[in-house]
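The next block holds one structure in the form of structure tokens; read it before the comments.
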Amino acid sequence: MSKIAEVAAAVENGKLKLIEGLVNEALDSGCDPLAILNEGMIGAMGIVGAKFQKSEIFVPEMLVAAKTMKKGVEILKPRLASGATTKLGKCIIGTVHGDLHDIGKNLVSLMIESAGFEVIDLGVDVLIDTFIAKIKENPDTKIVALSALLTTTMPSLGDTAKAIKASGLTGFKLIVGGAPVTQDFAAEIGADGYADDAAGAATLAAKLAG
Ligand code: B1M
């Protein structure tokens with residue numbers, strides 16, 4: 001089994017205690033950190049999701065797989081961040097109210113930070129008022145980034161985007177993303193931009209803030 005396949009198997013099976021050693025072994029053997037992330041971890045989470053859908057596993061297994069991936073990402077973090085020194089301004093990011101998924105949002109946050117933004121991460125299940133209060137507190141915000149992972153929280157994403165736009169606050173661009181989100185939906189809710197992955201979100205944020 002390749003080193004990346006071993007990382008993938010550990011995430012898929014929630015081998016929390018093994019993941020640090022396996023990611024380090026993969027790095028030491030010369031594997032590309034992005035390949036470890038994409039082929040190893042994100043690929044494995046796709047399999048976890050598919051198993052959950054078929055009721056082969058349940059929420060506890062999904063949770064331990066998520067914890068395993070999070071730990072793996074922590075090890076990869078220094079290799080993924082480019083250490084950009086440019087200052088593109090502030091980015092406020094969060095997963096919208098009702099939604100507890102944060103792995104994708106954390107990757108977007110990491111990539112945006114490494115593109116040169118100062119990131120203010122509000123976490124998960126973020127209320128509309130919290131986003132608006134944080135933007136008011138940081139009038140120099142350049143990007144507000146909203147994540148949603150559930151079809152059932154797409155309305156929450158829409159409500160949040162529309163409320164931020166209707167707040168009268170200006171000077172920033174609003175970007176959205178997450179597995180069920182599409183370019184069309186982003187346009188429908190008045191977002192300034194949509195990206196389908198973390199690297200795309202960072203490129204988009206830099207373009208819109210420039
Ligand atoms: Co949940 N879950 N989950 N879950 N979970 C999904 C999303 C699901 C697709 C699984 C499935 O059924 N196949 C399904 C949603 C189905 C749907 O909406 N139609 C689902 C469900 C149903 C649920 C619950 C309702 C289950 C239940 O309780 N019965 C529940 C809801 C809880 C809630 O939020 N209120 C739930 C709970 C959980 C856990 C807590 C157990 C755990 C999350 C832990 C955590 O995040 N800390 C979990 C997990 C792990 C998943 C899966 C397996 C993996 C998600 C993930 O981290 N993917 C997921 C299945 C899947 O995705 N295949 C699933 C890896 C991550 C890197 O990808 O988050 O898509 P992703 O992020 C990508 C892009 O989407 C994009 O960039 C990222 C990196 O490239 N992106 C952006 C994300 N945000 C962006 C923002 C941007 C731009 C791009 O701009 C601002």
Side-chain angles (χ1 to χ4, degrees), residues 7-8 11-14 16 34-74 76-77 80 91-115 117 119-126 131 141-157 160-161 164 172-183 185-186 189 191-209:
V7 168
V11 170
E12 189 184 327
N13 298 304
L16 189 55
L34 260 185
I36 300 175
L37 177 70
N38 290 329
E39 293 159 34
M41 301 184 190
I42 296 182
M45 286 309 261
I47 296 171
V48 169
K51 282 184 173 175
F52 175 76
Q53 220 163 12
K54 289 187 267 170
S55 299
E56 288 172 13
I57 60 165
F58 299 95
V59 170
E61 288 95 334
M62 199 154 67
L63 197 54
V64 77
K67 282 187 181 160
T68 307
M69 172 155 177
K70 274 186 161 184
K71 190 156 183 194
V73 171
E74 280 304 311
L76 281 183
K77 232 177 182 177
L80 293 172
C91 168
I92 294 176
I93 188 167
T95 302
V96 297
H97 180 49
D99 202 318
L100 302 175
H101 296 85
D102 69 353
I103 295 178
K105 184 265 298 166
N106 292 345
L107 287 175
V108 171
S109 174
L110 174 69
M111 293 298 180
I112 286 184
E113 189 176 351
S114 100
F117 286 89
V119 174
I120 300 172
D121 190 336
L122 302 180
V124 296
D125 194 15
V126 182
F131 277 111
T141 297
K142 291 280 180 261
I143 298 289
V144 176
L146 309 178
S147 179
L149 251 286
L150 297 167
T151 46
T152 49
T153 53
M154 286 173 76
S156 173
L157 178 67
T160 309
I164 291 172
F172 59 86
K173 300 286 185 191
L174 182 74
I175 67 171
V176 297
V181 184
T182 61
Q183 179 72 62
F185 185 71
I189 63 176
D192 299 303
Y194 158 82
D196 67 354
D197 64 12
T203 308
L204 175 68
K207 192 175 131 203
L208 290 174

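One-based numbering, in listed order, for ligands and for the atoms of each.
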>> Taking 4.0 angstrom as the limit and counting only heavy atoms of A66, give me the atoms of ligand 1 inside it, by number and element.
In response: 44 (C), 50 (C)
> Which atom pair, heavy atoms only, marks the closest approach of V11 to T68?
Replying inline: CA-CG2, 4.0 Å
>> Measuring only between side-chain heavy atoms, which start at C-beta, is T203 closer than 4.5 Å to M111?
In response: no
> What protein heavy atom sits nearest atom 81 (N) of ligand 1, and how far off is it?
Replying inline: G178 N, 3.6 Å
> Counting each atom of ligand 1 from 1 as listed, which ones have a heavy atom of L63 under 4.0 Å away?
Replying inline: 40 (C), 41 (C)
> In terms of residue, atom name and distance, what is the protein heavy atom nearest to atom 73 (C) of ligand 1?
Replying inline: G104 CA, 4.1 Å
> What protein heavy atom sits nearest atom 19 (N) of ligand 1, and how far off is it?
Replying inline: T151 OG1, 3.0 Å
> How far apart are the closest heavy atoms of V96 and L146, and which atoms are they?
Replying inline: CG1-CB, 4.2 Å
> Under 4.0 Å from atom 9 (C) of ligand 1, do we find at least one protein heavy atom?
Replying inline: no
> So do the side chains of I175 and L208 get within less than 4.5 Å of each other, counting heavy atoms only?
Replying inline: yes
>> Would the distance check show the side chain of D99 and the main-chain N or O of A148 forming a donor-acceptor pair, the cut-off being under 3.5 Å?
In response: no
> Is atom 27 (C) of ligand 1 less than 4.0 angstrom from some protein heavy atom?
Replying inline: yes
> Protein heavy-atom contact under 4.0 Å for atom 54 (C) of ligand 1?
Replying inline: yes
>> Out of all atoms in ligand 1, which are within 4.0 Å of some heavy atom of G46? Include the element for each.
In response: 63 (N)
> Between L146 and ligand 1, which residue portion shows a heavy-atom distance shorter than 4.0 Å: side chain, backbone, both, or neither?
Replying inline: backbone
> Would a 4.0 Å cut-off, counted as strictly less than, catch a protein heavy atom around atom 89 (C) of ligand 1?
Replying inline: yes
> Protein heavy atoms: any of them under 4.0 Å from atom 62 (O) of ligand 1?
Replying inline: no
> K70 versus D102: any side-chain heavy-atom pair under 4.5 Å?
Replying inline: yes
>> Between the side chains of E61 and K51, is the shortest nitrogen-to-carboxylate-oxygen separation below 4.0 Å, so that they form an ion pair?
In response: no
> What is the closest protein heavy atom to atom 67 (C) of ligand 1, and at what distance does it sit?
Replying inline: L107 CD1, 3.6 Å
>> Using every non-hydrogen atom in the two residues, find where F172 and D192 come nearest and quote the distance to one decimal.
In response: O-OD2, 4.3 Å
>> Using every non-hydrogen atom in the two residues, find where G98 and D125 come nearest and quote the distance to one decimal.
In response: N-OD1, 2.7 Å
> Under a 4.5 Å cut-off applied to non-hydrogen side-chain atoms, are I112 and V108 in contact?
Replying inline: yes
> Does the protein place any heavy atom closer than 4.0 Å to atom 38 (C) of ligand 1?
Replying inline: yes
>> So, at under 2.8 Å, which protein N, O or S atoms would a careful student list around atom 1 (Co) of ligand 1?
In response: H101 NE2
>> I need the atoms of ligand 1 closer than 4.0 Å to a non-hydrogen atom of I103, numbered in the order shown.
In response: 46 (O), 57 (O)
>> Quick test of your reading of the structure: of G177, G94, A179, A198, whose heavy atom lies closest to atom 85 (C) of ligand 1?
In response: G177
> In terms of side-chain geometry, is the basic nitrogen of E74 or K71 positioned less than 4.0 Å from the acidic oxygen of its partner?
Replying inline: no
>> Please check this pair: side chain of T182 against backbone of F185, looking for a donor-acceptor N/O pair closer than 3.5 Å.
In response: yes
> What about G98: any of its N or O atoms under 3.5 Å from an N or O on ligand 1?
Replying inline: yes
>> Would D196 count as a contact residue for ligand 1, given that I'm defining contact as a non-hydrogen atom of the residue lying under 4.0 Å from a ligand atom?
In response: yes
>> If the cut-off is 4.0 Å to any non-hydrogen atom of I175, which atoms of ligand 1 fall inside it?
In response: 91 (C)
>> I want to know if ligand 1 touches T152 in the polar sense, i.e. an N/O pair below 3.5 angstrom.
In response: no
>> Considering both backbone and side-chain atoms of S147, is one of its nitrogen or oxygen atoms within less than 3.5 Å of a nitrogen or oxygen in ligand 1?
In response: yes
>> Under a 4.0 angstrom heavy-atom cut-off, which atoms of ligand 1 come close to A201?
In response: 88 (C)
> Which heavy-atom pair separates M154 from V181 by the least distance, and what is that distance?
Replying inline: CE-CA, 4.4 Å
> Checking side chain to side chain contact (heavy atoms under 4.5 Å, CB included) against V144, which of I93, V176, L174 comes through?
Replying inline: L174
> Which protein non-hydrogen atom lies closest to atom 46 (O) of ligand 1, naming both residue and atom, and how far is it?
Replying inline: D102 N, 2.8 Å
>> One pair to check against side chain to side chain contact (heavy atoms under 4.5 Å, CB included): I103 and M45. What are the steps and the verdict?
In response: CA-CA 10 Å; I103 295 178; M45 286 309 261; 3.9 Å; yes
>> Out of all atoms in ligand 1, which are within 4.0 Å of some heavy atom of A195? Include the element for each.
In response: 88 (C), 89 (C)
> Nearest 0.5 Å, what's the CG-CD distance between L34 and E39?
Replying inline: 9.5 Å
>> Under a 3.5 Å distance rule, please check whether D197 uses its side chain to pair with a backbone N or O of G200 as donor and acceptor.
In response: yes
>> Can you confirm whether V48 sits close enough to I57 that some side-chain heavy atom of one is under 4.5 Å from a side-chain heavy atom of the other?
In response: yes
> Starting from atom 56 (C) of ligand 1, which protein heavy atom do you reach first, and at what distance in Å?
Replying inline: M45 CE, 4.3 Å
> Considering only heavy atoms of D99, which atoms of ligand 1 have at least one such atom less than 4.0 Å away?
Replying inline: 34 (O)
>> Looking at every non-hydrogen atom in both residues, tell me the closest pair between E12 and A44 and how far apart they are.
In response: N-CB, 4.0 Å
>> If we set the cut-off at 4.0 Å for heavy atoms, which region of V176 has an atom near ligand 1: side chain, backbone, both, or neither?
In response: backbone
